[in-house]
Chemist: 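Dropping a structure here in structure tokens format, bear with me for questions.
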Amino acid sequence: MKIVQVSAELAPWSKTGGLGDVCGALPKALVKRGHRVLTVAPRYKAYEDAWDTGVRARVTLFGAVHDVGYYHCLRDGVEHLFVDHVSFHRPGIYGDKSGAYGDNLFRYALLSRAALEATFRVPLSEGAPLGEDVVFHANDWHTALVPLFLEAVYRPAGRFESAGSVLSLHNMGHHGTQPRSEFDGLDVAPRWLPAMDFDGHLNILKTGIALARKLVAVSPTYAREIQTGLGFGLDGLLSARQRDLVGILNGVDDAWDPTNDVHLPAHFSADDLTGKAVCKAALQAELGLPVRPEVPMLALIARLDHQKGIDLVAEAMPWLMRQDVQVVMLGSGAPEWQAFFRESERRNPSRVRGWVGFNEGLAHRIEAAADIFMMPSRFEPCGLNQMYSMRYGTVPVVHATGGLADTVETFSPAAGTGTGWAFRSFSAEAFVDALGWALLTYSRFPDAWRGLQERGMRTDFSWDRSASRYERVYAATIRD
Ligand code: ADP
């Protein structure tokens with residue numbers, strides 16, 4: 001099949017969270033399975049490995065004609081096009097200190113139109129454009145207008161007659177809601193307004209949900225949850241489209257492999273965890289914490305957003321500080337939680353590190369060094385860090401929601417099963433209770449701990465498994 005993945009983020013070129021990781025990894029897995037994959041993402045800055053194709057397209061939006069360029073890169077067999085336009089050349093991806101950029105609808109509508117144009121216009125490494133018999137795979141609200149433009153602009157003009165469309169839902173918390181008055185700017189016929197309208201506003205995510213032929217939620221549990229309370233108001237529409245909606249867990253990219261991770265001072269595997277102890281000592285030294293091999297190290301890495309349940313960590317902190325533990329936290333986002341990080345470290349300088357900022361290398365070193373990973377998310381569509389943790393022998397303690405419920409199985413000492421702790425009620429009591437079990441098992445039952453680590457490390461979170469499921473969705477979306 002020929003797949004065109006359109007997304008606002010594409011790791012390693014651009015990333016604020018899991019969306020970037022997934023969009024970077026899935027195409028590689030699809031190419032390995034024999035498909036041709038083109039990704040289309042913005043050129044937020046000058047990428048060293050992407051070259052100007054010299055091809056340009058003109059797109060009418062918001063009453064003006066906009067000229068876009070395309071930069072190309074072939075990597076791991078995946079064709080990448082980066083859409084070049086001045087509105088993408090900014091310090092932040094979605095916004096800056098004063099909030100989201102006011103023209104995000106324009107920016108991502110432009111990306112979506114540019115992706116459709118690129119498919120038949122821009123020659124790829126074999127000298128020809130990808131063509132029109134493709135499946136468009138849009139991701140989240142930013143690119144949820146791809147199915148709209150496909151149906152409203154291109155098919156009526158006789159283009160993409162056999163093309164399919166899929167929309168992945170990585171996070172229902174962002175709809176890209178806009179005033180209805182913006183509709184005219186999109187340059188589509190008035191009959192498309194009802195597909196976009198939601199409570200008197202334009203809802204971009206809703207548009208994609210209504211018009212994409214198939215929908216994917218990033219875990220089976222999330223696929224159910226978003227029809228029954230976690231759909232941020234779109235639950236009804238999603239359950240009406242139940243037959244076209246499937247849940248597919250994300251996989252773990254090869255960059256997260258403790259046997260050869262470039263960010264680590266030592267490597268390790270399920271058979272030999274010696275290198276993990278080296279990583280722990282190195283991180284303690286790096287962060288200026290006492291180098292103590294036996295002390296349990298608890299970690300947290302997250303965007304500091306309401307979704308992530310940092311409030312439970314804050315509530316648990318006094319209890320944690322009564323235990324003999326080290327706590328290492330890395331994140332950036334909401335100022336109140338950044339302040340919590342700094343304050344916790346200030347109060348407990350020999351036991352807590354709260355690193356504010358985005359640091360890819362440190363995230364890898366923390367995953368490798370820690371013993372326990374805390375992920376008490378309010379909701380979590382899929383979640384990657386709990387899977388990274390398991391791969392790195394770091395036992396996760398998670399709230400049983402979305403992909404966390406699908407990937408972390410609570411330890412059963414009697415059965416000798418489980419890979420961590422997944423607590424059911426979203427409360428500090430339940431979180432502390434689960435942490436208590438984790439700490440007890442760590443300190444008193446080393447063999448049981450080793451079993452937890454090994455089962456997590458041996459779980460198959462490969463992208464190949466997820467890619468084979470996407471393949472079935474793509475195939476079902478193509479009409480002859
Ligand atoms: P989300 O997509 O909601 O942010 P995920 O768990 O799916 O959550 O993905 C988070 C990704 O972002 C992981 O790769 C994680 O390591 C990374 N990440 C989040 N915050 C930071 C940070 N401050 N520094 C480095 N990496 C981070």
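Treat the numbers as computed from the prediction; the structure is a model and nothing was measured. Nothing fancy with the numbering, it's 1 onward along the sequence. For ligands, and for the atoms within them, numbers begin at 1 and follow the listed sequence.
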Chemist: Can Lys308 be said to touch ligand 1, with heavy atoms closer than 4.0 Å?
Modeler: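 Within the 4.0 Å threshold, so yes.
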Chemist: Take a 6.0 Å sphere around CD of Glu294 and say whether it holds more than 12 heavy atoms from other residues, nucleotides or ligands.
Modeler: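 Yes, the 6.0 Å shell around CD holds more than 12 heavy atoms from other groups.
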Chemist: For atom 7 (O) of ligand 1, what is the closest protein heavy atom, and at what distance to 0.1 Å?
Modeler: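 Going by distance alone, atom 7 (O) of ligand 1 is nearest to Leu384 N, 3.3 Å.
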Chemist: Using a 3.5 Å cut-off on N or O atoms only, is Thr16 in polar contact with ligand 1?
Modeler: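 No - when backbone and side-chain N and O of Thr16 are compared with those of ligand 1, no distance drops under 3.5 Å.
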Chemist: Among Leu439, Val325, Val327, exactly one meets side chain to side chain contact (heavy atoms under 4.5 Å, CB included) together with Ile372. Which residue is that?
Modeler: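 Checked Leu439, Val325, Val327 against Ile372; only one passes side chain to side chain contact (heavy atoms under 4.5 Å, CB included): Leu439.
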Chemist: Below 3.5 Å, N or O to N or O, backbone or side chain included: is there any such pair between Gly357 and ligand 1?
Modeler: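 Yes, at least one N or O pair falls under 3.5 Å.
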Chemist: What part of Lys15 sits under 4.0 Å from ligand 1 if we count only heavy atoms: the side chain, the backbone, both or neither?
Modeler: side chain
Chemist: Tell me which part of Leu362 gets within contact of ligand 1: side chain, backbone, both or neither, using heavy atoms under 4.0 Å.
Modeler: neither
Chemist: Indicate whether the side chain of Asn203 and that of His175 have a donor and an acceptor atom separated by less than 3.5 Å.
Modeler: yes
Chemist: Could you tell me whether Pro381 approaches ligand 1 through its side chain, its backbone, both or neither, with non-hydrogen atoms closer than 4.0 Å?
Modeler: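 None of Pro381 does.
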Chemist: Using a 4.0 Å heavy-atom threshold (strictly under), name the region of Met375 that reaches ligand 1: side chain, backbone, both or neither.
Modeler: side chain
Chemist: Does Trp355 have a heavy atom less than 4.0 Å from any atom of ligand 1?
Modeler: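 No, Trp355 has no heavy atom closer than 4.0 Å to ligand 1.
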Chemist: Should the pair His364 and His263 be assigned to parallel (<30°), tilted (30 to 60°) or perpendicular (>60°) ring geometry?
Modeler: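 Judged by the thresholds at 30° and 60°, the geometry between His364 and His263 is tilted.
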Chemist: Parallel, tilted or perpendicular: which describes the rings of Tyr222 and Phe379, with under 30° parallel and over 60° perpendicular?
Modeler: parallel
Chemist: Test your reading of the structure: does Glu360 have an N or O sitting under 3.5 Å from an N or O of ligand 1?
Modeler: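 No, no N or O pair falls under 3.5 Å.
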Chemist: Report yes if some N/O of Asn359 lies less than 3.5 Å from some N/O of ligand 1; otherwise report no.
Modeler: yes
Chemist: So, regarding Gly17 and ligand 1 (criterion: nitrogen or oxygen to nitrogen or oxygen, under 3.5 Å), is there a contact or not?
Modeler: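 No, Gly17 has no N/O under 3.5 Å of an N/O on ligand 1.
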Chemist: The criterion is salt bridge (Lys or Arg N to Asp or Glu O under 4.0 Å); which residues satisfy it with Arg33, sequence neighbours excluded?
Modeler: Asp464, Glu471
Chemist: Below 4.0 Å from ligand 1: does a non-hydrogen atom of Cys382 turn up there or not?
Modeler: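 No, that is not the case, since the closest heavy atom of the residue is not under 4.0 Å from the ligand.
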Chemist: Do you know the tightest heavy-atom contact between Tyr94 and Ala8?
Modeler: OH-CB, 3.7 Å
Chemist: Looking only at protein heavy atoms, identify the closest one to atom 18 (N) of ligand 1 and say how far it is in Å.
Modeler: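 Checking every protein heavy atom, the shortest distance to atom 18 (N) of ligand 1 gives Phe358 CE1, 3.8 Å.
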Chemist: Pairs in or reaching into residues 90-101: which pass salt bridge (Lys or Arg N to Asp or Glu O under 4.0 Å), with residues at least two apart or in two chains?
Modeler: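 Listed once each, the pairs are Arg90-Asp103.
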Chemist: For ligand 1, is there an atom lying under 4.0 Å from some heavy atom of Gln386?
Modeler: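 No, Gln386 has no heavy atom closer than 4.0 Å to ligand 1.
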Chemist: Do the two ring centres, one from Phe149 and one from Phe136, sit under 6.0 Å apart?
Modeler: no
Chemist: Does an N or O from Leu330, backbone or side chain, lie closer than 3.5 Å to an N or O of ligand 1?
Modeler: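 Such a contact does not occur with ligand 1.
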